[in-house]
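Heads up, the thing below is written out as structure tokens.
Just so it is clear, the structure is predicted and the values come from calculations on it, not from any experiment.
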Amino acid sequence: MVMEIIKSIPSGKVMSYGQIARVAGKPRGARQVVRILHAMSKKHKLPWHRVINSRGEIGIQDEELFFTQKSLLEGEGVQFKGKSTIDMEKYRYHPDCDEYL
């Protein structure tokens, strides 16, 4: 279910790891979402760049991946406040949770 939720995030929108976990019915499963993204993004062509932390920040420490994620989001029209933060109220995707039940 987590992969389906990630795949549903539209261009120009983001979700947090914890938000995805809650929608999937695992409210304490944010770390599991991180592991799924790390292990499955390439194989399943997940839009990994649309998943950020709950503060609206890119959490990736690797400089190259950080700039890749930021560039991909900017290419979809997401504007940053400062180096790595976006306005979650403006860009957060709110899926219809009923479709995942």
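Every pair passing side-chain hydrogen bond (donor to acceptor under 3.5 Å, both in side chains) that includes a residue from residues 14-23 is listed here, sequence neighbours excluded: Gln19-Arg92. Residue pairs meeting the salt bridge (charged side-chain N to carboxylate O under 4.0 Å, His left out) criterion with at least one member in residues 69-78, sequence neighbours excluded, are Arg50-Glu76.
Of all the heavy atoms in Gly29 and Ala21, the pair that sits closest is C-CB, 3.5 Å.
For Ser41, the side-chain contact (heavy atoms from CB on, under 4.5 Å) partners are Leu37, Leu46, Trp48, not counting sequence neighbours. In this structure Lys81 satisfies the side-chain contact (heavy atoms from CB on, under 4.5 Å) test together with Thr85, Asp87, sequence neighbours excluded. Residues passing the side-chain contact (heavy atoms from CB on, under 4.5 Å) test with Gln79 are Lys90, Tyr91, sequence neighbours excluded. Partners of Arg55 by salt bridge (Lys or Arg N to Asp or Glu O under 4.0 Å), not counting sequence neighbours, listed by chain and number: Glu57.
In this structure, Pro95 and Met15 have side chains that are in contact, with non-hydrogen atoms separated by less than 4.5 Å. With contacts defined as side-chain heavy-atom distances shorter than 4.5 Å, the pair Ile52/Gln69 qualifies.
Between Lys13 atom NZ and Ile86 atom CD1 the span is 9.5 Å, to the nearest 0.5 Å. For the atom pair NE2 (His44) and CD (Glu4), the distance works out to 9.5 Å, reported to the nearest 0.5 Å. Between atom OG of residue Ser84 and atom CG of residue Asn53 there is a gap of 8.0 Å, rounded to the nearest 0.5 Å.
Judged by distance alone, the side chain of Gln61 and the main-chain N or O of Gly59 form a donor-acceptor pair under 3.5 Å.
The only option from Val51, Val33, Val23 that meets the side-chain contact (heavy atoms from CB on, under 4.5 Å) definition with Ile5 turns out to be Val23.
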*Check step by step if side chain to side chain contact (heavy atoms under 4.5 Å, CB included) holds for Ile6 and Ile20.*
CA-CA 7 Å; Ile6 295 167; Ile20 292 167; 3.8 Å; yes

*Determine, step by step, whether Ile9 and Val14 satisfy the side chain to side chain contact (heavy atoms under 4.5 Å, CB included) criterion, reporting the C-alpha distance in whole Å, the side-chain angles of both residues, the deciding distance to 0.1 Å, and the verdict.*
CA-CA 7 Å; Ile9 304 170; Val14 297; 5.6 Å; no

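By the 6.0 Å contact criterion, NE2 on His38 is open, its count of non-hydrogen atoms from other residues, nucleotides or ligands being 12 or less.
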